[in-house]
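Read through the structure below, which is laid out as structure tokens, and then see the notes.
Below, all heavy atoms of this structure are taken into account, side chains as well, without hydrogens, waters or symmetry copies. Heads up: numbering here begins at 1 and tracks the sequence.
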Amino acid sequence: MPTPMQHELESLTISDGVSYYYFDSGDVPGKTYTTLVFVPGLGFNGGVFRKLFPLAAAHRLRIVSLYRRDYNPTTSFLDADLAGLVSRTVEGQESFLRTQAVDIATFLVNFARKQHIPLAEGTSGGIALVGWSLGSLHAHAVVAHLDALPPSVLSDLEQYLHTVVCHDISGIFIGIPKPPGFNVEFWSETDVEKRFKLFHEWVAGHFPHKNVTSGSIDDLELYKSPDKAHSMNELSPQEFAAFTSAKTFGTSDALILSIQVDVFKATTRRAIFDTTLAERFMPNLRVRYMCGGASPGAIVWALHEFRKCLADPKPIYGPDAEKARDVKFKFQTEGNHFIFWDEPEVAIEQYIATINL
């Protein structure tokens, strides 16, 4: 277990009955700094980013790591909150993502107001919203549903949020199908605890790719190396449990994974390929995608396929789809899906480089 860090969970109420808990590396006195707000992925809470905190101030960064809804002690979902997902209708699933987007955007604005963080000046100051893995879907949804924000929230968000980063976003969340012939068997495991353990061992593995920048699937490894231990393997079950929730992995997060691919495509279309929305709502917002040099090959491949879509998005995202935002990609040459845990200093440099693209 890493040495305990002197950071306590804090909370921020964003609406009646909804509070987000988070860790905060703290103010950077006497300097203009940028605030990185992390949204964690499937099965993990905001504590997973805590190795970054001691490094933040030296890089003029303030790091905030959210606990998503249903990750204790952030407010749990009520049955009514999940009704849209349970309905399995396009309208219900889109409504759920829109609500999460409004909540996260409201958190950003309320945090900025409360903490008096510096305003954005280019990529300095302000906020970069970083979604990791499943958290990238939530970050994408913020961009997609800016038109759902109350005017007071939107006007303040424009003063702070300059960049959205999607780190190791899964292809399904951007409407990209999995690589031909690729399959992982752990999703059929019926025991949730076992399924989460198998998922973690796979996604936290090291994938020895030949070349992550070529765009060729032949240069990517779709199955993890058996020769290198997966990230966080040094933790005892009790220590690992402090960063995770198998329960949420198997309940509300599982419902999110079951969202129809057409809804994911529609979210991506609104975020990246809708010129009307981009012109009206935060036209200068920058969207960046990054993946690790040893992240799962399916993730790296999906990002290459998505990059190809920028030139011609219509086949996947519809006849009116057209690149509408400032979008760039960073294919890192080192680090797996958990680089912020294994190599936090390298991770900080990667995030900075991606934000500044």
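Both I174 and I172 belong to a common hydrophobic cluster when Ile, Leu, Val, Met, Phe, Trp and Tyr are linked at side-chain heavy-atom distances under 4.5 angstrom. Cluster annotation: I63 is not connected to V346 through the hydrophobic network of ILVMFWY side chains, with a link wherever side-chain heavy atoms come within less than 4.5 Å. L357 and F329 fall into different hydrophobic clusters, defined by Ile, Leu, Val, Met, Phe, Trp and Tyr side-chain heavy atoms under 4.5 Å apart, directly or through other members. Following chains of ILVMFWY side-chain contacts shorter than 4.5 Å, one cannot reach I299 starting from I256, and the two form parts of different hydrophobic clusters. Both V109 and L129 are part of a single hydrophobic cluster, where members link through side-chain heavy atoms under 4.5 Å apart.
Under the 30°/60° scheme for interplanar angles, the aromatic rings of F44 and F338 are found to stand perpendicular. Under the 30°/60° scheme for interplanar angles, the aromatic rings of F173 and F264 are found to stand perpendicular.
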Output a table of donor-acceptor pairs, distance under 3.5 Å, between side-chain atoms of residues 140-151 and any protein atom two or more places apart or on a different chain; print 'none' if there are none.
unit_1, atom_1, unit_2, atom_2, d
H140, NE2, Y289, OH, 2.6
D147, OD1, R270, NH2, 2.6
D147, OD2, R270, NH2, 2.8

Show which side-chain atoms of residues 196-204 pair as donor or acceptor with protein atoms under 3.5 Å away, not counting sequence neighbours.
unit_1, atom_1, unit_2, atom_2, d
K197, NZ, E201, OE2, 2.5
H200, NE2, S231, O, 3.1

Below 3.5 Å, can you tabulate the donor-acceptor pairs from side chains in residues 79-89 to any protein atom, sequence neighbours excluded?
unit_1, atom_1, unit_2, atom_2, d
D81, OD2, R69, NH2, 3.1
D81, OD2, L78, N, 2.7
S87, OG, G84, O, 2.7
S87, OG, T89, N, 3.2
S87, OG, T89, OG1, 2.9
R88, NH1, S258, OG, 3.3
T89, OG1, G92, N, 2.9

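With sequence neighbours excluded, no residue forms a salt bridge (Lys or Arg N to Asp or Glu O under 4.0 Å) with E94. Under the rule for a salt bridge (Lys or Arg N to Asp or Glu O under 4.0 Å), R269 has no partner lying at least two apart in sequence or in another chain. For D320, there are no salt bridge (Lys or Arg N to Asp or Glu O under 4.0 Å) partners, not counting sequence neighbours.
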### Task
With side-chain contact (heavy atoms from CB on, under 4.5 Å) as the test, would you mind laying out the steps for V37 and V130 before giving the verdict?
CA-CA 6 Å; V37 178; V130 185; over 6 Å; no

### Task
Show your reasoning for whether side-chain contact (heavy atoms from CB on, under 4.5 Å) applies to F111 and I127.
CA-CA 10 Å; F111 180 85; I127 295 171; 5.5 Å; no

### Task
Verify side-chain contact (heavy atoms from CB on, under 4.5 Å) between L310 and F273, making sure each step is shown before the conclusion.
CA-CA 8 Å; L310 294 186; F273 301 112; 3.7 Å; yes

### Query
For R288 and I355, what are the C-alpha separation, side-chain angles and deciding distance, and is it a side-chain contact (heavy atoms from CB on, under 4.5 Å)?
CA-CA 7 Å; R288 301 293 183 257; I355 290 166; 6.0 Å; no

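Annotation: R113, atom CZ; neighbour count of heavy atoms from other residues, nucleotides and ligands within 6.0 Å is above 12. Counting non-hydrogen atoms of neighbouring residues, nucleotides and ligands closer than 6.0 angstrom, the NZ atom of K194 reaches no more than 12 such neighbours. When the shell of 6.0 Å around CD of E121 is examined, it contains 12 or fewer heavy atoms from other residues, nucleotides or ligands.
A 4.5 Å side-chain heavy-atom check between L36 and R62 finds every atom pair outside the cut-off. Under the 4.5 Å side-chain criterion, counting only non-hydrogen atoms from C-beta, D219 is not in contact with V212. No side-chain heavy atom of L137 sits less than 4.5 Å from a side-chain heavy atom of I169. Residues T123 and T34 fail the side-chain proximity criterion, which asks for heavy atoms closer than 4.5 Å.
Using modelled atom types and a 3.5 Å distance limit, the side chains of S19 and T13 yield a donor-acceptor pair. One side chain, T354 or Q332, offers a donor N or O that lies under 3.5 Å from an acceptor on the other. One side chain, T163 or R286, offers a donor N or O that lies under 3.5 Å from an acceptor on the other.
Formation of a donor-acceptor pair under 3.5 Å by the N45 side chain with backbone atoms of P40 is not found in this model. No donor-acceptor pair under 3.5 Å is formed between the side chain of S136 and the backbone N or O of C166. Between the side chain of K323 and the main chain of R325, a donor-acceptor pair closer than 3.5 Å is present. The backbone N or O of Y317 lies less than 3.5 Å from no partner atom in the side chain of K265, so there is not a single donor-acceptor pair. A donor-acceptor pair under 3.5 Å is absent between the side-chain atoms of H162 and the main chain of A120, judged by distance alone. Using modelled atom types, no side-chain atom of E334 and backbone atom of G292 make a donor-acceptor pair closer than 3.5 Å. Of the possible donor and acceptor atoms, one in the side chain of N233 sits under 3.5 Å from a partner among the backbone N and O of H230.
Two rings, from F77 and Y71, have their centers 6.0 Å or more apart. The distance between the ring centers of W301 and F306 does not fall below 6.0 angstrom. Checked against the 6.0 Å centroid criterion, the rings of F49 and W132 qualify as a close aromatic pair. Ring centers of F340 and F38: at least 6.0 Å apart, outside the cut-off. Taking the six-membered ring wherever Trp is involved, the centroid distance between the rings of H59 and Y33 does not fall below 6.0 Å. For an aromatic pair to be called close, the ring centres must be under 6.0 Å apart, and F207 with Y223 fails this.
Each of D253, T74, T248 was checked for a side-chain hydrogen bond (donor to acceptor under 3.5 Å, both in side chains) with R68, and the lone residue meeting it is D253.
For R50 and F23, the positive end sits near the middle of the six-membered ring, less than 6.0 Å away and at most 45° from its axis.
A salt bridge does not link K247 with D70: every distance from a Lys NZ or Arg NE/NH1/NH2 to an Asp or Glu carboxylate oxygen is 4.0 Å or more.
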